[in-house]
Amino acid sequence: VQLQASGGGLVQAGGSLRLACVVSGRTFSARNMAWFRQAPGKEREFVSRITWSGSTDYSDSVKGRFSISRDNAKNTVYLQMNSLKPEDTAVYYCAAVWDIGTIAANSYNYWGQGTQVTVSS
């Protein structure tokens, strides 16, 4: 399974970005997917997750501003990020697992390469 994340960039506070993660290879293994992020000097943290059936979950820090979705026909998961804040600056990673994916990074088997999101104040 290969995950390719894209859509990061530089945006001003209050702006929006849409990240995409395309799954290739054994796509059926990417049943449950998530986004994590890692800021410099900090641990990787959970952002959002989505199951095969479309159930979603968000961290408190992004709830109400970010929205995760998936297009199973395109093997793609999206993260719509609105009302961005400087503290959202991080490298964003998509992750996938066949079994249950929790908010813990070690519950995911497959990881993308990351895409940088920088929010200026």
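Heads up: numbering here begins at 1 and tracks the sequence.
Remark: the backbone N or O of Asn75 is not paired with any side-chain donor or acceptor of Asn72 at under 3.5 angstrom. At distances below 3.5 Å, not a single donor-acceptor pair connects side-chain atoms of Gln4 with backbone N or O atoms of Cys21. Under the 3.5 Å distance criterion, the side-chain polar atoms of Ser83 are left unmatched by any main-chain donor or acceptor of Gly14. A donor-acceptor contact shorter than 3.5 Å is absent between the side chain of Arg49 and the backbone of Met33. In terms of modelled atom types and a separation under 3.5 Å, the side chain of Thr118 and the main chain of Thr89 share no donor-acceptor contact. Looking at Arg18, its side chain never comes within 3.5 Å of a backbone N or O of Leu79 through a donor-acceptor pair. The closest donor-acceptor contact from the side chain of Arg70 to the backbone of Thr51 lies under 3.5 Å.
Criterion: ILVMFWY side-chain heavy atoms under 4.5 Å apart, direct or through other members. Under it, Tyr58 and Leu17 are part of a common hydrophobic cluster. Put simply, Tyr108 and Val22 are part of two different groups of oily side chains (I, L, V, M, F, W, Y) that touch within less than 4.5 Å, one to the next. Two different hydrophobic clusters hold Trp111 and Tyr78 under the rule that ILVMFWY side chains link at heavy-atom gaps under 4.5 Å.
Under 4.0 Å is where a charged nitrogen must lie from a carboxylate oxygen, and between Lys85 and Asp88 no such pair does.
Between Ile50 and Asn32, every side-chain heavy-atom pair lies at or beyond the 4.5 Å cut-off.
Classification of the Tyr92-Phe66 ring pair by plane angle, with boundaries at 30° and 60°, yields tilted.
Note that the CD atom of Gln38 and the CD atom of Gln116 stand 11.0 Å from one another [nearest 0.5 Å]. For the atom pair OG of Ser59 and CZ of Phe36, the computed distance is 10.0 Å after rounding to the nearest 0.5 Å. The CH2 atom of Trp98 lies 11.0 Å from the OH atom of Tyr110; values are rounded to the nearest 0.5 Å.
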Practice problem: For side chain to side chain contact (heavy atoms under 4.5 Å, CB included), just list the numbers for Ser61 and Arg37, CA-CA rounded to whole Å, side-chain angles, deciding distance to a tenth of an Å, and then say yes or no. | Solution: CA-CA 12 Å; Ser61 61; Arg37 66 186 182 187; 3.4 Å; yes
Quiz item: Hey, mind stepping through Leu19 and Thr115 against side chain to side chain contact (heavy atoms under 4.5 Å, CB included) and telling me if it holds?
Solution: CA-CA 8 Å; Leu19 305 184; Thr115 184; 4.0 Å; yes
Practice problem: Test Val117 against Met81 for side chain to side chain contact (heavy atoms under 4.5 Å, CB included), laying out the working first. | Solution: CA-CA 10 Å; Val117 171; Met81 305 186 296; 3.8 Å; yes
Exercise. Please lay out, stage by stage, how Val23 and Thr76 fare under the test side chain to side chain contact (heavy atoms under 4.5 Å, CB included).
Key: CA-CA 6 Å; Val23 182; Thr76 302; over 6 Å; no
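The two residues Ile68 and Ser48 have their closest heavy-atom pair at CG2-OG, 3.2 Å. Between Asp99 and Val97, the closest heavy-atom pair is O-CG1, 3.1 Å. Nearest approach of Ala13 to Ser121, heavy atoms of both residues: CB-CA, 4.4 Å. The heavy-atom pair separating Cys94 from Ala5 by the smallest distance is SG-CB, 4.1 Å.
Between Trp35 and Phe46, the distance from one ring center to the other does not fall under 6.0 angstrom.
Both tests hold for Arg44 against Tyr93: distance to the six-membered ring centre under 6.0 Å, angle to the ring axis within 45°.
Within a 6.0 Å sphere centred on NZ of Lys63, other residues, nucleotides and ligands contribute more than 12 heavy atoms.
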